[in-house]
Amino acid sequence: MNLLEVRDISKTYGRGEAAVHALKRVTFTVPKGEFVAIVGESGSGKSTLLNLIGALDTPTAGEIFIDGRDIFAMGDSSLTVFRRRNIGFIFQSFNLIPELTVEQNIIFPVLLDYQKPDKKYLEELLTVLNLKERRHHLPSQLSGGQQQRVAIGRALITRPALILADEPTGNLDTQNTSEAIALLKEASRKYEQTIIMITHSRSIAQTADRILQVSDGVLTDYGRCRE
């Protein structure tokens, strides 16, 4: 079963001679639970693609289905709720709330949706992320690797169908990069999360199940990586 379907997506900025064709009729599918890496040079269109999948931007043409639902056929309020409940975001810059503790940062998306956190699941995540001893610390009291683990926990806490990771290891050293990627792979396997990750690094991309490349707005599917 495909969790994500991208159909003939195009994105153009500007008009006439000044028009920039960021994406050109991109089509691909991602089965549930697959970990996909998207690679490409700066300005290739990969971030534009991720923003469209996350419904942070709208396409010039084409459709995107997540779990069978056409996300751009929804009204603004319905799309906001759908995105909050079905898509988790992990950013290069962590984007933690400095005044909130580790635990509070992780459960923030749940509270934003006026729901009660699943305490058992929270404890499981804190254990998996090795953050139980840091649960009452503020982001300023954490290392970069620890902050990224909090960001991963925040993305997982709502049990979203899809996780979008935009250069999640860009601000990490080699050891923390390996740990972050291992956590994403574990989430993909253990929680059946579908993960799409942007990266400049070919070696990091090789850890995913499949590699897609975007170049000048055109997508190439390189298929599944070797085990």
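What you see below is based on every heavy atom in this structure, not just the backbone, and it leaves out hydrogens, waters and symmetry mates.
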>> Taking CD in Gln115 as the centre, count heavy atoms belonging to other residues, nucleotides or ligands within less than 6.0 Å. Is the count above 12?
In response: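 Atom CD in Gln115 is crowded, with more than 12 foreign heavy atoms closer than 6.0 Å.
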
> Is the number of heavy atoms from other residues, nucleotides or ligands under 6.0 Å of Glu41 CD greater than 12?
Replying inline: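 No - once you tally the heavy atoms of other residues, nucleotides and ligands closer than 6.0 Å, there are 12 at most.
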
>> Tell me whether Arg189 is salt-bridged to Asp209, with the criterion being a basic N under 4.0 Å from an acidic carboxylate O.
In response: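 A salt bridge is present here (some side-chain N lies under 4.0 Å from a carboxylate O).
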
> Quick one: do Arg159 and Glu192 make a salt bridge, cutoff under 4.0 Å?
Replying inline: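 Result for this pair is no, no salt bridge flagged.
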
Which heavy atom in [X] sits nearest to a heavy atom in [Y], and how many Å separate them?
X	Y	value
Pro98	Pro139	O-CD, 3.6 Å
Ile107	Ile157	CA-CG1, 4.4 Å
Gly33	Thr194	N-OG1, 2.8 Å
Lys11	Thr58	NZ-O, 2.6 Å
Ile90	Pro168	CG2-CB, 4.0 Å
Ile38	Leu49	CD1-CD2, 4.0 Å

>> I'd like to know whether Thr199 forms a side-chain hydrogen bond (donor to acceptor under 3.5 Å, both in side chains) with Ser201, so could you lay out the CA-CA distance, the side-chain angles of the two residues, the decisive distance to 0.1 Å, and finally the verdict.
In response: CA-CA 5 Å; Thr199 179; Ser201 170; 4.7 Å; no

>> Using a 3.5 Å distance criterion without hydrogens, assess whether the side chain of Ser44 forms a donor-acceptor pair with backbone atoms of Asp216.
In response: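 No, because the side chain of Ser44 does not come within donor-acceptor range (under 3.5 Å) of the backbone of Asp216.
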
>> Between Arg149 (side chain only) and Asn130 (backbone N and O only), is there a donor and an acceptor less than 3.5 Å apart?
In response: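 Such a contact is found between Arg149 side chain and Asn130 backbone.
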
Treating Ile, Leu, Val, Met, Phe, Trp and Tyr as nodes and any side-chain heavy-atom pair under 4.5 angstrom as an edge, say whether [X] and [Y] lie in one connected cluster.
X	Y	result
Ile195	Leu219	no
Leu138	Ile106	no
Ile198	Ile181	no
Val102	Val128	yes

> Do Met74 and Arg83 come within less than 4.5 Å of each other through their side chains, counting heavy atoms only?
Replying inline: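 Counting from C-beta outward, Met74 and Arg83 never come under 4.5 Å.
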
>> side chain to side chain contact (heavy atoms under 4.5 Å, CB included), that's the test. Do Ile53 and Leu162 meet it? Break it down for me.
In response: CA-CA 10 Å; Ile53 295 171; Leu162 178 65; 3.7 Å; yes

> Can Tyr222 and Val39 be said to form a side chain to side chain contact (heavy atoms under 4.5 Å, CB included), step by step?
Replying inline: CA-CA 11 Å; Tyr222 285 101; Val39 298; 5.7 Å; no

>> Do Arg7 and Phe65 form a cation-pi contact, if we require the NZ or CZ to be under 6.0 Å from the six-membered ring centre and within 45 degrees of the ring's axis?
In response: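 Positive - Arg7 is close enough to the ring of Phe65 and near enough to its axis.
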
